[in-house]
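Given the structure is predicted, the values throughout are model-derived calculations rather than measurements. Order of the sequence lines sets the chain letters (A, B, ...), proteins ahead of strands, with each chain counted from 1.
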2 protein chains.
Amino acid sequence: MTRNFNALWKKGDFLTTRKAINLKMLSQTLGLSQTTVSRALNGFPEVAEKTRARVIEAAERLNYRPSPSAASLATGKSLMIGHVVSLSEHIMINPHFADFIAGAGEVYGQNGYDVLLRLAPLEEQERIYRDLAEDQRVDGVVVHGPLTGDSRIGILNGLGLPFVVHGRSDEEGADYCWMDVNNRRAFHRATKFLLDLGHLRIGLINGLEKMNFADRRRQGYEVALEEAGIALDDRLLFSADMVEPYGYRATRALMELEQPPTAIVVASVLPAMGVTRALADLGLRAGEDVSIIAFDDCLSFLQSGYKGSVPDIPFFTAVRSSIREAGKRVARMLLERIDNPQAPLQSELWEADFVIGQTTAPPRRH
Amino acid sequence: MTRNFNALWKKGDFLTTRKAINLKMLSQTLGLSQTTVSRALNGFPEVAEKTRARVIEAAERLNYRPSPSAASLATGKSLMIGHVVSLSEHIMINPHFADFIAGAGEVYGQNGYDVLLRLAPLEEQERIYRDLAEDQRVDGVVVHGPLTGDSRIGILNGLGLPFVVHGRSDEEGADYCWMDVNNRRAFHRATKFLLDLGHLRIGLINGLEKMNFADRRRQGYEVALEEAGIALDDRLLFSADMVEPYGYRATRALMELEQPPTAIVVASVLPAMGVTRALADLGLRAGEDVSIIAFDDCLSFLQSGYKGSVPDIPFFTAVRSSIREAGKRVARMLLERIDNPQAPLQSELWEADFVIGQTTAPPRRH
DNA sequence: GTTCAAATCCAAAGCGCTTTGGATTTCGTT
DNA sequence: AACGAAATCCAAAGCGCTTTGGATTTGAAC
């Protein structure tokens, strides 16, 4: 029975090069069939516990590791989660994506999944999803940065590939699985807070408004103004990719108005840093001269001490929601969906925290 | 011959669900053997061009796509590149990693490779490399954030898995393939520039010095001071993970010294933003009151307009090298290495640009 | 019209795993 | 002691591709 295997062993293959051992060899050493060994390792009930223990022990001792491609070929599962992102196109995605994936990757790792990362511009993503699905390269995907009316969602539903959207694509968000922050309410609260402080002219430095999250944020801002009986002023509204220099330029433009705003709501801490830089250039101070509220995704490299360590008063007053925690949650939702594709569609809406920092105060009296 | 396939076709499988078509079916429709079809598609010379054209046409028409796991099982190649990173541990890696992978991913995509991303703390990475190699899950890996004397390199050499190091791990850098920026010279130049402007007390806000790149940067700084006959002052030296609040706190500490520095060299634009924030808090202005030179990785979300668009004068005076371009280069080197594992080990050292911005000036006279 | 390469194509054996359908053994019952 | 169900295990058939070793055909040369 074990002759074959012993021959190989004596040849020295295993001891020296630690050449991978496969199921066949393992079952031969054990004097069991491949079936039994496979079932023992995969936790099937029809194998005696004594046998299972023996098998597991031997597998560990001989450093047996099943070939992923063989398993994938046989089962059709790949234990991979696809993330398709356009890191070149909307570069503001980059740092956000890194933190999101840091959270998601943690969950994947705990469940034996890996990330398949594909960089591609938006217009190619539909084709890529199709390829990934047909090739069975991934067991599910996460949709990043959904636009309002995003066509990727329809495609994915058609493909039958499990997916979760980080964010939403429309008002209902009914026929797909998503996890989102309540962007509208967050910006409503931020704007109302500034109004309550007495600010009457409030600028909005928003993200790209074809992105659904930015669209919602603007709605929150507008509704708050409306409720306060303040007319919208287009000159106070900006929309672009959320990078630092954008915040800088928008602020310079705002402050050159004949009636500059006394407060600004900013879609991300990144442009918000540009805002403070612009104010500094003009000899103005954030908080004292111009109030700022930013949306804070808890980007790891900007704030280090949330939990313990250094409990600083945060610089920016902010509506805050950890994108990294979002990554974890989305990952969990997706894995559940993969395990049970028939389960009803889940969705989850998080409220952002509102934290007071050093950049808000009542408007200056002249 | 084609009966089998037609039967399936008529059943409607292909037209409706676009069920994946496999080699067998494709060869049956063509009336050729699987061998010939496979060879035709993979560009082998022993198939007539006429036949090849016919095969390719049919493959496209029927939307044939070879199964990656089957191909991987048969060939042992996975068309995947492994990136193992610890996004949680040294969070400063995050934004840098995102831009690096944006560059690398572009090259991978052009060559039919994908990224397998695995999040793991440093101490697990050796085991993970071993697993990835034995499982044949990836055809090569990139080593991120090498420490001085990094054990991962020895492991990888032992495994025979092709790899390229982004950065270096030791003085020689001889027995592995790497691509690095001349960090020592960059910081030497930066420091010397400040000395030439007349600065005598120069702070260093460095990265974690167990990281090889940070170690080298410090060497450059020290040598420049030494050459100018200025003694090192430990109170001017900081070393930590390069996040924004670190720059802030280090600067506060620096400015509280009885003899505060008149200039600071900073290891990254991220802490440098903290530096300017701290200075602003103290009523000081970067450039006028305290000079700053930062290392600038061209992080996408901080500077948008390098190439064309808005040719701003950069804010920070900086030594600059695009981490994204580095990603591209590393990816190319790795793919070459995979194609030709026997070729001599390559390495590449880039010089950083030195760009003058708005944060350097001669020291204030009192 | 042979002959012999060169050109072209093929059957079949893997690659390493899962899983179906059955065979064999064990064990409590009668 | 015999019986049937439960427990345990197995042989073999895929999964879809690559590739070896060989068969067949073509075409130029004699």
Side-chain angles (χ1 to χ4, degrees), chain A residues 1-2 4-5 8 13 19-55 58-59 62-79 112 131 134-137 139, chain B residues 1-2 4-5 8 13 19-55 58-59 62-79 112 131 134-137 139:
Chain A
M1 272 310 118
T2 59
N4 212 344
F5 179 73
L8 276 170
D13 269 10
K19 200 78 175 189
I21 184 182
N22 60 21
L23 227 211
K24 190 164 165 194
M25 297 173 183
L26 179 59
S27 59
Q28 282 172 351
T29 31
L30 281 163
L32 292 174
S33 77
Q34 297 191 39
T35 312
T36 304
V37 175
S38 169
R39 284 184 163 156
L41 292 174
N42 292 328
F44 279 61
E46 56 266 66
V47 40
E49 282 311 320
K50 238 186 308 181
T51 317
R52 190 195 306 282
R54 237 182 89 222
V55 169
L62 299 178
N63 191 243
Y64 166 71
R65 21 189 54 265
S67 147
S69 35
S72 171
L73 180 58
T75 61
K77 311 231 135 254
S78 63
L79 293 180
D131 291 357
E134 290 183 357
D135 293 357
Q136 309 208 77
R137 261 190 113 98
D139 297 338
Chain B
M1 273 308 115
T2 59
N4 212 344
F5 179 73
L8 277 170
D13 269 10
K19 200 81 176 186
I21 185 183
N22 61 20
L23 225 211
K24 190 162 164 198
M25 297 174 183
L26 179 59
S27 59
Q28 282 173 349
T29 31
L30 282 163
L32 292 173
S33 77
Q34 297 191 38
T35 312
T36 304
V37 175
S38 170
R39 284 182 162 157
L41 292 174
N42 292 328
F44 279 62
E46 57 266 66
V47 41
E49 281 312 320
K50 238 186 308 181
T51 316
R52 190 193 308 280
R54 237 181 89 221
V55 170
L62 298 178
N63 190 244
Y64 166 72
R65 23 191 51 266
S67 146
S69 34
S72 172
L73 180 57
T75 61
K77 311 231 133 254
S78 64
L79 293 180
D131 291 357
E134 289 183 358
D135 294 356
Q136 309 208 80
R137 260 190 115 97
D139 296 339

**Student:** Which residues satisfy the salt bridge (Lys or Arg N to Asp or Glu O under 4.0 Å) test with A/Asp131, sequence neighbours excluded?
**Tutor:** A/Arg127, B/Arg65
**Student:** Angle, rounded to 10°, between the helical axes spanning five pairs at each terminus of the helix from C/dG1-D/dC30 to C/dT30-D/dA1?
**Tutor:** 50°
**Student:** With a non-hydrogen cut-off below 4.0 angstrom, is B/Thr75 in contact with a base, only sugar-phosphate, or nothing?
**Tutor:** sugar-phosphate
**Student:** Please name the pair of heavy atoms, one in A/Val47 and one in A/Ala40, separated by the smallest distance, quoted to 0.1 Å.
**Tutor:** CG1-CA, 3.7 Å
**Student:** Tell me whether A/Arg137 contacts the main-chain N or O of B/Pro68 through its side chain, where contact means a donor paired with an acceptor under 3.5 Å.
**Tutor:** no
**Student:** Want to settle it: does B/Ser33 or B/Ala70 sit nearer the 5' end of DNA chain C, counting the closest nucleotide to each?
**Tutor:** B/Ser33
**Student:** Is there a side-chain contact between B/Met25 and B/Leu62 in this structure, where contact means two heavy atoms from C-beta onward sitting under 4.5 Å apart?
**Tutor:** no
**Student:** From the 5' end of DNA chain C to its 3' end, which nucleotides mark the outer limits of contact with chain B, defined by a 4.0 Å heavy-atom distance cut-off (strictly under)?
**Tutor:** C/dT8 to C/dG16
**Student:** Please tell me which of A/Tyr64 and B/Val47 maps to the more 5' nucleotide of DNA chain C, matching each residue to the nucleotide holding its nearest heavy atom.
**Tutor:** B/Val47
**Student:** Do A/Leu41 and A/Tyr64 touch side chain to side chain, with heavy atoms closer than 4.5 Å?
**Tutor:** yes
**Student:** Need to verify one output field. Residue with the more 5' nearest nucleotide on DNA chain D, A/Thr36 or B/Ser67?
**Tutor:** A/Thr36
**Student:** How close do A/Leu73 and B/Ser67 get, counting heavy atoms only, and between which atoms?
**Tutor:** CD1-OG, 4.3 Å
**Student:** Using a heavy-atom cut-off of under 4.0 Å over every strand shown, decide if B/Thr51 touches base, sugar-phosphate, or nothing.
**Tutor:** sugar-phosphate
**Student:** Counting distance only, does the side-chain N/O of B/Ser27 pair as donor-acceptor with the main-chain N or O of B/Leu23 below 3.5 Å?
**Tutor:** yes
**Student:** Any side-chain to backbone donor/acceptor pair from A/Ser78 onto A/Ser72? Under 3.5 Å, distance only.
**Tutor:** no
